[in-house]
Amino acid sequence: MVSRSLSPAQAATLGLAVVFGIILTAVGLTAIASRGWFGGDAFNVRAGFPTIRGVEVGTPVRIQGIVAGEVVGVDLPQDPGASVMVRMRLRGEYRHLVRQDARVQIVSEGMLGNKVVEIKPGQANASPIENDAILANAPSAELGDALDEMKNTLSGLSKGEGPLGSEVLDTVKQTKQAASSFQQTMASAQKVTDAAQTLPWFRNYVKDQQSLLIRSNQECNYRIFAESDLFPEGGTTLTAPGEQRLDQAASWLSGLLAHKGAELVVVACQDPKSRQAPLAQIITNRQSDAVCAYLRDQKGVNKISWLASREVKSLGLGTERPVAPVREELPASAVVLFVFVPQK
């Protein structure tokens, strides 16, 4: 088959025809799409806002929750602080729903979703709008605005302002009085506990560091560990390096506990600057118990013979410091192994 090449004039003519056809097709499709979405009886409205908060060309416009059109233009304000004019195009079938007293509001889809322009139709007895009418705006429903309003309301309540303010102040006063009464009750309970320590039948249930750590005619030997040597900060479970440190102290303990009547007391204390007393008491109780359990179960420091054993005592001091004589300055949070050996 023989093919002929086009002359330059024919090629140029063909190219122009193709380009012209493409332009006509694009214009036709645009017109069809415009008529298909907005329709031939579409109408325009406008509304001004202090700020449009993310609204742009193409943002949907709803009437009573139904998508009725979209934003087709955003006009810059003429002066600083002036309104931003938002131009909207709506389908003609919704014209009867938009009255002269209609208002326009910028809302979010969900709590943090995309922006949508919502038209509140207005009263049924109001007149329908004309094309390109300017509608009044309604305050935007923004999460940040709601939080600011809530903050201002709570601030007013705390000062006794508003109908509920006096009730809030009365409730705060009652709460403070209850807290003060509770503190007085706890102080009284502490006094009762201190007095109970002197009773023979109660003494065994209260750990008194004076009786455990101040011993006449007994030699006081000790080994000091920083909390970080044995535990994570504020923790109550021995670390692997902590167990190794106790393993290294086992021979020292065995030598001292070999003496007749020798006793081991494990004391833990916390830094008063980093822990409040109630929490520190709980932590030190568990730390001293954990060390005792490890030395007893893994190193057998409680064994005297096959048939006899000694008590290994633990003492959590909270934020207090041990009263036993210690020549070195203790770490802020520490665990101390005290071994008391009777002297002849």
Side-chain angles (χ1 to χ4, degrees), residues 193 203-215 218-343:
T193 302
R203 189 178 301 146
N204 292 333
Y205 297 95
V206 180
K207 293 183 179 179
D208 179 10
Q209 71 158 321
Q210 293 284 341
S211 61
L212 285 178
L213 301 181
I214 301 300
R215 307 191 181 202
Q218 291 193 16
E219 180 184 71
C220 176
N221 304 272
Y222 56 85
R223 183 68 62 88
I224 300 173
F225 300 94
E227 178 190 45
S228 58
D229 293 336
L230 306 179
F231 299 95
E233 182 180 358
T236 58
T237 301
L238 286 167
T239 62
E243 293 178 349
Q244 294 176 0
R245 295 294 296 271
L246 293 178
D247 292 342
Q248 295 169 2
S251 59
W252 172 79
L253 287 171
S254 298
L256 291 172
L257 293 175
H259 294 84
K260 184 177 180 180
E263 290 188 1
L264 170 62
V265 180
V266 179
V267 176
C269 58
Q270 283 280 302
D271 182 2
K273 295 181 180 179
S274 62
R275 296 280 185 274
Q276 294 184 348
L279 177 59
Q281 188 62 58
I282 295 173
I283 292 175
T284 55
N285 285 344
R286 293 180 178 178
Q287 287 181 344
S288 58
D289 288 342
V291 173
C292 283
Y294 183 81
L295 293 175
R296 181 180 59 248
D297 299 339
Q298 302 299 324
K299 298 303 172 183
V301 296
N302 61 320
K303 299 293 184 181
I304 297 177
S305 64
W306 287 102
L307 299 177
S309 61
R310 66 171 60 83
E311 181 183 4
V312 179
K313 299 178 180 179
S314 63
L315 178 62
L317 295 179
T319 56
E320 297 182 12
R321 315 305 280 177
V323 297
V326 177
R327 292 181 295 274
E328 297 86 350
E329 183 177 356
L330 291 179
S333 297
V335 176
V336 185
L337 308 182
F338 287 103
V339 180
F340 297 95
V341 179
Q343 300 297 295

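Given the structure is predicted, the values throughout are model-derived calculations rather than measurements.
- Once rounded to the nearest 0.5 Å, the distance linking CG of L212 with CZ of F338 reads 11.0 Å.
- The backbone N or O of L257 sits less than 3.5 Å from a side-chain atom of R310, completing a donor-acceptor pair.
- Within a 6.0 Å sphere centred on CD of E219, heavy atoms belonging to other residues, nucleotides or ligands number more than 12.
- Between L337 and Y222 the shortest side-chain heavy-atom distance does not fall below 4.5 Å.
- The shortest side-chain heavy-atom distance between L264 and V301 falls under the 4.5 Å cut-off.
- A side-chain donor-acceptor contact under 3.5 Å links Q287 to the backbone of G235.
- Formation of a donor-acceptor pair under 3.5 Å by the Q209 side chain with backbone atoms of V323 is found in this model.
- The two residues V291 and F231 have their closest heavy-atom pair at CG2-CZ, 3.9 Å.
- Remark: side-chain polar atoms of Y294 are not paired, donor with acceptor, to backbone N or O of D247 under 3.5 angstrom.
- Using modelled atom types, no side-chain atom of N285 and backbone atom of I282 make a donor-acceptor pair closer than 3.5 Å.
- Environment of CZ in R223: crowded, with over 12 heavy atoms of neighbouring residues, nucleotides or ligands closer than 6.0 Å.
- Here the closest non-hydrogen pair linking L238 and A290 is CD1-O, 4.0 Å.
- The distance from the OG atom of S333 to the CG atom of D271 is 5.0 Å, given to the nearest 0.5 Å.
- For the pair E227 (side chain) and V335 (backbone), a donor-acceptor distance under 3.5 Å is absent.
- In this structure, the side chains of L253 and K299 stay at 4.5 Å or more apart for every pair of heavy atoms.
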Determine, step by step, whether F340 and L213 satisfy the side-chain contact (heavy atoms from CB on, under 4.5 Å) criterion, reporting the C-alpha distance in whole Å, the side-chain angles of both residues, the deciding distance to 0.1 Å, and the verdict. CA-CA 9 Å; F340 297 95; L213 301 181; 4.1 Å; yes
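- Remark: side-chain polar atoms of T284 are paired, donor with acceptor, to backbone N or O of G318 under 3.5 angstrom.
- Residue K303 holds its NZ atom at 13.5 Å from OG of S254, rounded to the nearest 0.5 Å.
- Under a 3.5 Å cut-off, the side chain of T319 and the backbone N or O of A277 do not form any donor-acceptor pair.
- The two residues R321 and A332 have their closest heavy-atom pair at NH1-O, 2.9 Å.
- Taking both residues in full, the closest heavy atoms of S288 and G316 are given as OG-N, 3.8 Å, listed atom of the first, atom of the second, then distance.
- Atoms CG and NZ, on N302 and K313 in that order, are 13.5 Å from each other to the nearest 0.5 Å.
- The CD atom of E233 sits 8.0 Å away from the CD atom of Q270 when rounded to the nearest 0.5 Å.
- Nearest heavy-atom pair across G234 and I283 is O-CD1, 3.8 Å.
- Annotation for E328: atom CD counts as buried by contact number, over 12 foreign heavy atoms lying within 6.0 Å.
- Side-chain contact check for E263 and Q218: no donor-acceptor pair (N or O, by modelled atom type) lies under 3.5 Å.
- The minimum heavy-atom distance linking P322 with C269 is given by the pair CD-SG, 4.3 Å.
- Without hydrogens or angle criteria, Q298 side chain to R296 main chain gives no donor-acceptor distance under 3.5 Å.
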